[in-house]
Each structure stands twice: as C-alpha cells, then as structure tokens.
Amino acid sequence: MGKKQIMLPANEVDLTAVKYVPEKIEAPHLTGFWFKLFVKVMEAPVIGSLIASHLKEKNGITEILKNTVIPEVPMFIPQFPLQEPEPGVVCLEEDGKPEERVDLALKCLPHYDPTCRWSSDSGELFQFRYWKIRDYGYAYRSKLTTPSMVAEHFISAMEVFNSKQQSAPLLISFDTEEVRRQAAASTQRFVEGKPLSILDGIFIAVKDDIDCYPHPSKGGSKWFHEVRQVKADGVSVSRLRNSGAILVGKTNMHEFGMGTTGNNPNYGTPRNPHNPKRYTGGSSSGSAAIVASGLCSAALGTDGGGSVRIPASLCGVVGLKTTFGRTDLTGSLWEAGTVTIIGPITATVEDAILVYAAISGSSPADRIRLNPSIPCLPDLYSSESSNILGSLALGKYTKWFNDVSSTDISDKCEDVLNQLFHLYGCKTTEIVIPELRELRTAHTVTFGSESLCLLNPDCEAGKGVRLTNDTRTNLALFRSFAASDYISAQCLRRRIMYYHMGIFKKVDVIVTPTTGMTAPEIPESALAVGETNLQVVASLMQFAMTANVLGLPAISVPIGHDKQGLPIGLQLIGRPWCEASILRLAAAIEEISAEYRKKPVEFYDILKGKSNFNSFHD
C-alpha cells in the first residue's frame with residue numbers, strides 16, 4: 001500500500017525550491033534467448049502483470065499515478081494560450097498550393113551561389129558539406145545533369161548499398177521503375193522550362209508509417225499492410241508530390257515507433273552512416289540514415305517521442321518536429337494521436353525550411369480544436385535577420401543540460417551557446433523545469449495508450465505474436481495501465497504545460513542537447529531478436545519528450561562530434577506555433593558549426609555519381 005500524496009497546484013509551487021533529480025531507470029537489459037523468454041513471461045496472465053507492477057513501482061510510476069492527488073484538470077490534447085507574433089517572418093497561405101509556399105520559402109533563404117560548389121576546383125571553405133536542394137535545382141536548370149541521370153545514380157547506389165548491407169536496408173519498399181517514372185516526368189518538366197518548384201526532381205524518402213501510394217504502410221512490421229490498405233498518398237506526401245519531389249520509397253523504422261534505437265529484426269537494423277557498429281537512433285531510423293548517407297536530400301519521419309530528432313542527432317543531420325497540429329496526420333498510422341507529428345529530416349536547415357513549407361498546413365479538424373496561428377518562415381534574406389536573432393532569449397536548465405553520458409556532449413553544446421552570444425548577442429538565461437520525472441510518466445502512459453489503441457484489435461485477432469519482441473514487451477507494459485492512469489497522465493500534462501508557458505514568458509527558446517548520449521553500440525545478439533534496454537531508451541529520450549507531451553516545436557541541429565567521431569545534436573524547443581524562431585536560430589547554429597561536420601564513412605554523392613563506402617560485416 002502506498003502513502004497518499006497531494007500535489008500543490010502548479011501555480012503555488014515554489015520554483016526556487018525545485019531539486020533536480022537525475023534520471024535513473026531500473027529495468028533489465030536483455031537480448032537473445034533471455035529476451036525471448038522475458039517476453040513470454042511478460043505476456044503470461046498473472047506473472048506478467050506482477051512484473052509490470054514491479055517495474056512501475058521501482059521507477060516511481062505507481063507513486064505518481066496511483067498514490068498522488070493531482071489538482072489540475074486533464075488536458076487531452078495540447079492547448080496553448082495566444083502567442084505574440086514572431087518578428088521578421090514571412091507568412092504562408094495555409095490553404096495555398098504547396099509549390100507556391102515552397103517558392104515563397106525559397107525567397108526567404110540567404111544569398112547562395114551554387115556555381116562555386118559545382119566546380120571541383122573551386123576550393124571549399126570547409127572539408128565537407130552536403131549538397132543543398134538549391135544545388136540540385138541549379139544543376140537541373142543549367143543542364144549539368146537531369147533528374148533521370150540522378151535517378152540512375154540513386155538506383156546504382158542502392159544496389160551497391162543493398163549488396164553490401166543485405167541485413168541493414170534503408171528502404172523496405174522500393175520500386176526502381178516507379179523512381180524512373182517520376183524522374184522522367186521531372187526531367188520533361190525541366191526540358192519544357194516548367195519545374196513545379198525548387199523541390200522538383202529532389203529525392204525524398206518516406207517513413208513506413210506514412211502513406212505513399214503505391215507502397216504499403218507496414219509500420220516496420222511484417223503484417224500491418226494485410227489489415228490496412230494504402231489507397232492514396234498521405235496529405236504530407238501528396239503536398240511533396242505536387243511540388244515535384246521524387247518519392248523513392250518507404251524507409252525502415254523501429255517497429256510501430258516503439259523504440260529509439262532503430263532496431264528492427266523484421267527487415268534488418270539500419271546502421272549509422274558514421275559508424276556501422278552503432279545504431280542510427282529511432283524510430284525514424286531509415287529516414288535519418290538515408291539522408292546522412294547522401295542518398296536523399298530529405299525524408300519524412302514521424303515524431304511521437306523524439307523519433308525525428310533522435311536519429312537526426314545520432315546521424316549528424318537536421319530533424320524538425322513541428323507544433324502538434326501544424327502538419328496534417330491524415331494518411332498516417334497516427335491520425336488519432338495527440339503526441340505525434342510528421343516532420344522532415346534533411347541534410348541542412350534551409351532544406352528543412354523548404355520541405356516544411358511544402359508539408360505545413362493543419363487538418364480541418366485541428367484548425368477548429370487547436371486554433372493554430374498562420375505558419376511562418378524566418379526571412380533569412382532580410383538585413384534585419386541578425387538583429388532579430390540577437391534579440392532571442394535562450395533558456396537553459398543547467399543541471400538537466402549537463403546530465404549526459406559524456407562531457408563531450410554538454411561541452412560542445414555549451415560552446416555553441418557561447419558563440420551565439422559573442423557573434424549575435426543571444427543571451428542565455430537560467431531556468432528551472434519542475435517535475436521532469438512526472439513528464440516522463442505522462443509521456444509513457446499517453447504514447448503507450450495511443451499505440452495500444454492502434455494495435456489492440458489486431459493483437460486480439462492473433463496478429464500480436466508476429467510483432468517483434470521489443471514491441472510485445474512495450475505493449476505488455478502499456479496494457480498494465482488503467483483508465484485512471486491515463487486521466488492522471490493528462491492532469492500532469494496540463495500541469496507541465498503551465499510550467500512551460502511560464503518559462504516562455506521569460507525566454508523564446510529552451511536549449512538542450514538533443515540526446516543524453518551519442519549513438520549506442522549494436523549488440524550482436526540484438527540483430528536477430530531485438531533487445532530491451534530502457535536505460536539507453538531513457539538517455540536518448542530524456543530531452544525529447546517535452547515537445548511531444550506539450551506539442552511544442554523543436555529542432556535538432558548537428559554541431560560536431562564526440563571523441564569517438566559520433567555526431568552530437570543541439571535541440572531548440574520553441575513557443576507554440578513559433579517554428580520560425582527555432583529555424584532562424586538553427587540556421588545560425590548550423591553556420592557556426594559548419595567546420596565541424598564530417599563526411600560519413602558510408603556516403604554517396606548521387607548528384608555527381610560518386611560514393612565513399614566502407615564495407616563491414618555483420
């Protein structure tokens with residue numbers, strides 16, 4: 001029996017008395033035979049519920065959900081107070097054509113001359129930079145290459161990749177003739193001088209939980225396409241297709257988004273392009289890896305607990321999570337969710353701006369229930385952009401910020417903040433964020449309940465045994481939550497929203513490392529049967545969950561590497577609907593950190609048809 005506790009109302013909590021408690025997860029790390037046995041035990045009627053209760057007790061979940069009186073009323077979807085307009089922005093027409101929004105976004109970007117990069121003897125300022133979407137557009141318009149030629153480079157690169165990494169595919173649904181067909185249509189538009197937008201002829205991949213006709217949407221499983229047919233593109237995919245993008249196929253992912261490593265025994269686990277013995281991060285694992293490898297300029301991912309930002313950080317690319325409701329979830333597996341969004345993973349911040357411009361636009365239902373502000377972009381072309389950047393106030397909870405596995409991460413992030421101050425005058429203010437453990441609990445219950453709602457009917461019909469061991473373990477835990485637990489989690493959600501809206505009265509952006517660790521090693525025994533390692537999951541998610549529970553916009557920007565050569569990301573969390581502010585700041589951080597970007601050991605230059613691939617063996 002637990003002791004009853006009563007929380008003070010959030011508006012009565014003394015923030016000066018808040019103590020930071022480092023996150024400590026107590027759960028077994030299992031792979032191989034012992035993991036398979038653990039799954040059987042967790043699914044057993046009596047002993048499974050006892051183990052779930054024990055795990056919840058040891059990690060403080062029972063105390064929060066069962067023994068505590070939470071005075072706030074529940075908040076079932078993120079609800080935001082009205083926000084001050086952002087300065088120096090260009091507003092997008094939410095009902096406008098996506099290609100027109102992309103053209104407007106293009107005018108917001110700073111001056112850039114692609115000719116200096118195309119010439120091999122021009123001499124670049126930095127050792128390595130990804131091709132931008134604007135580089136592809138220049139090459140197509142100048143007839144230096146065509147989308148069809150690049151398509152052949154892409155197809156050849158995928159054949160080489162798959163021959164060397166048969167057990168680690170990036171794409172799990174890929175049709176070469178479909179790619180050639182789209183590329184030929186794009187090439188013809190350039191011949192006629194009528195490209196649809198700067199995204200015309202740009203190669204973009206789509207995560208396997210977003211509909212992209214004619215490919216099935218399996219959520220990384222082996223069977224979900226049997227119970228849910230894809231008859232059309234999802235809304236975000238349709239907007240990209242209307243902008244001329246070449247949609248190459250469906251990317252590998254952690255099954256149904258229930259993990260942050262990217263492990264997937266169904267198809268094979270994607271490898272980190274910077275070190276193939278490391279995870280990519282997840283759940284948008286294939287999306288991040290295909291961009292980091294140079295095979296695509298962008299990919300769509302879903303983010304329900306960091307699943308865009310975590311793999312982007314671990315793979316050294318950019319990952320944008322929009323405000324909840326900013327992008328339309330129609331045509332994805334998460335239409336009924338309240339923590340998940342669709343967002344872009346790109347090689348550069350400006351590419352994220354272009355893709356974001358194409359896919360932004362709330363669903364009709366969300367416009368009614370969320371009352372979103374008009375989507376805006378930072379006007380980076382304006383001479384006032386630097387002054388606006390310098391006026392942004394940054395918030396940092398130092399004890400949380402420094403709670404990482406290596407000082408390589410916190411030191412690198414701190415260095416970027418110092419440079420932002422010296423170059424632009426961005427001041428960092430100390431903040432306090434209470435009840436981070438409660439936030440984690442609210443996320444676990446909310447995401448778990450929404451996942452269970454998606455899968456339970458088919459699990460009851462016998463499909464559950466075809467799920468991976470990782471997914472089955474998570475579902476067993478999620479089934480142990482009661483209806484009252486879900487209500488308590490939504491009460492916590494409103495409470496935590498109150499704290500953050502108070503913080504955003506003082507600062508514009510909250511800054512953290514994206515993850516508490518760099519890319520973890522892949523245990524050999526985890527490749528065939530998966531693994532459960534909640535300590536790693538917690539470290540990867542610890543800074544990401546806030547934006548999902550509260551629906552806030554956030555972005556991960558690559559800022560360098562640790563001593564092992566693994567990428568480090570800095571996360572920016574913005575006020576509701578204020579994507580423009582975090583994109584403006586992200587662009588400056590990217591410029592500051594440009595000299596620290598490294599070419600991945602597995603990299604393809606599909607624009608010019610070159611590759612840098614170091615093979616490895618499982």
More than 12 heavy atoms of other residues, nucleotides or ligands under 6.0 Å from [atom1] of [X]: yes or no?
{"X": "Ile47", "atom1": "CD1", "result": "no"}
{"X": "Glu521", "atom1": "CD", "result": "no"}
{"X": "Tyr213", "atom1": "OH", "result": "no"}

Short side-chain donor-acceptor distance under 3.5 Å, [Y] and [X]:
{"X": "His254", "Y": "Asp470", "value": "yes"}
{"X": "Lys321", "Y": "Ser556", "value": "no"}
{"X": "Glu450", "Y": "Thr338", "value": "yes"}
{"X": "Arg309", "Y": "Asn548", "value": "yes"}
{"X": "Asp209", "Y": "Thr302", "value": "yes"}
{"X": "Ser285", "Y": "Asn252", "value": "no"}
{"X": "Glu435", "Y": "Tyr499", "value": "yes"}
{"X": "Asn242", "Y": "Glu99", "value": "no"}
{"X": "Tyr279", "Y": "Asn263", "value": "yes"}
{"X": "Thr68", "Y": "Glu63", "value": "no"}
{"X": "Thr512", "Y": "Gln571", "value": "yes"}
{"X": "Arg369", "Y": "Gln79", "value": "no"}
{"X": "Ser236", "Y": "Thr327", "value": "no"}
{"X": "Glu94", "Y": "Ser360", "value": "no"}
{"X": "Gln535", "Y": "His29", "value": "no"}

Can you tell me if [X] uses its side chain to pair, donor with acceptor, with the backbone of [Y] under 3.5 Å?
{"X": "Ser53", "Y": "Ser49", "value": "yes"}
{"X": "Asp208", "Y": "Gly220", "value": "yes"}
{"X": "Ser307", "Y": "Ser283", "value": "yes"}
{"X": "Arg472", "Y": "Val39", "value": "no"}

Item to check | Residues that Lys97 engages under salt bridge (Lys or Arg N to Asp or Glu O under 4.0 Å), provided they are two or more places apart | outcome: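 Residues passing salt bridge (Lys or Arg N to Asp or Glu O under 4.0 Å) with Lys97: none at all.
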
Kindly indicate whether the side chain of [X], heavy atoms from C-beta on, has any atom under 4.5 Å from the side chain of [Y].
{"X": "His500", "Y": "Thr546", "value": "yes"}
{"X": "Phe543", "Y": "Ser313", "value": "no"}
{"X": "Ile555", "Y": "Val318", "value": "yes"}
{"X": "Leu467", "Y": "Cys459", "value": "yes"}
{"X": "Tyr498", "Y": "Glu72", "value": "no"}
{"X": "Thr346", "Y": "Val355", "value": "yes"}
{"X": "Ser480", "Y": "Asp485", "value": "no"}
{"X": "Thr62", "Y": "Glu57", "value": "yes"}

Checklist entry - Is it true that Phe256 and Phe224 have ring centroids separated by less than 6.0 Å? => result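 Yes, close enough.
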
Next on the checklist: Let's go through Leu314 and Leu566 carefully: what are the C-alpha distance in whole Å and the side-chain angles of both, what is the deciding distance for side chain to side chain contact (heavy atoms under 4.5 Å, CB included) to 0.1 Å, and is it a yes or a no?
Outcome noted: CA-CA 7 Å; Leu314 268 52; Leu566 300 171; over 6 Å; no

[X] [atom1] to [Y] [atom2] distance, which is reported to the nearest 0.5 Å:
{"X": "Leu354", "Y": "Ile202", "atom1": "CG", "atom2": "CD1", "result": "9.0 Å"}
{"X": "Met497", "Y": "Arg494", "atom1": "CE", "atom2": "CZ", "result": "8.5 Å"}
{"X": "Ile341", "Y": "Thr322", "atom1": "CD1", "atom2": "OG1", "result": "4.0 Å"}
{"X": "Asp351", "Y": "Leu199", "atom1": "CG", "atom2": "CG", "result": "9.0 Å"}
{"X": "His225", "Y": "Ser173", "atom1": "NE2", "atom2": "OG", "result": "9.5 Å"}
{"X": "Asn264", "Y": "Lys222", "atom1": "CG", "atom2": "NZ", "result": "8.5 Å"}

Item to check | Derivation of the side chain to side chain contact (heavy atoms under 4.5 Å, CB included) call for Arg440 and Glu23 | outcome: CA-CA 10 Å; Arg440 184 190 75 206; Glu23 192 166 37; 2.8 Å; yes

What heavy-atom pair brings [X] and [Y] nearest, and what distance separates the two atoms?
{"X": "Cys315", "Y": "Pro273", "answer": "SG-CD, 3.9 Å"}
{"X": "Gly219", "Y": "Leu333", "answer": "CA-CD1, 3.9 Å"}
{"X": "Ala245", "Y": "Ile204", "answer": "CB-CD1, 3.7 Å"}
{"X": "Val291", "Y": "Ser297", "answer": "CG1-O, 4.1 Å"}
{"X": "Arg228", "Y": "Ser332", "answer": "NH2-O, 3.6 Å"}
{"X": "Pro78", "Y": "Leu550", "answer": "CB-O, 3.5 Å"}

Next on the checklist: Go through it in stages, so that I can follow the logic: the residues are Asp175 and Arg180, the test is salt bridge (Lys or Arg N to Asp or Glu O under 4.0 Å), and I'd like the CA-CA distance, side-chain angles, deciding distance and then a yes or no.
Outcome noted: CA-CA 9 Å; Asp175 184 341; Arg180 287 189 173 108; over 6 Å; no

Lys/Arg N to Asp/Glu carboxylate O, [X] vs [Y], below 4.0 Å:
{"X": "Asp211", "Y": "Lys250", "result": "no"}
{"X": "Asp95", "Y": "Arg367", "result": "yes"}
{"X": "Lys463", "Y": "Glu226", "result": "yes"}
{"X": "Arg479", "Y": "Glu43", "result": "no"}

Checklist entry - In a check of side chain to side chain donor-acceptor pair (under 3.5 Å) between Thr471 and each of Asn469, Thr473, Thr468, which one passes? => result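 Going through the options one by one, the only one that passes is Thr468.
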
Next on the checklist: Check the orientation of Tyr486 and Phe76. Use parallel for under 30°, tilted for 30 to 60°, and perpendicular for over 60°.
Outcome noted: parallel

Item to check | side chain to side chain contact (heavy atoms under 4.5 Å, CB included) assessment of Phe203 paired with Leu295 | outcome: CA-CA 8 Å; Phe203 289 69; Leu295 289 161; over 6 Å; no

Checklist entry - Under the side-chain hydrogen bond (donor to acceptor under 3.5 Å, both in side chains) rule, what pairs show up with a residue in residues 31-41, not counting sequence neighbours? => result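 Found Thr31-Ser525.
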
Next on the checklist: Assess the residue pair Lys207 and Ile345 against the criterion (side chain to side chain contact (heavy atoms under 4.5 Å, CB included)); give the C-alpha distance rounded to whole Å, side-chain angles, the decisive distance to 0.1 Å, and a yes or no.
Outcome noted: CA-CA 10 Å; Lys207 189 178 179 182; Ile345 296 175; over 6 Å; no

Item to check | Cation-pi check, Lys218 onto Tyr267 ring (under 6.0 Å, within 45° of axis) | outcome: no

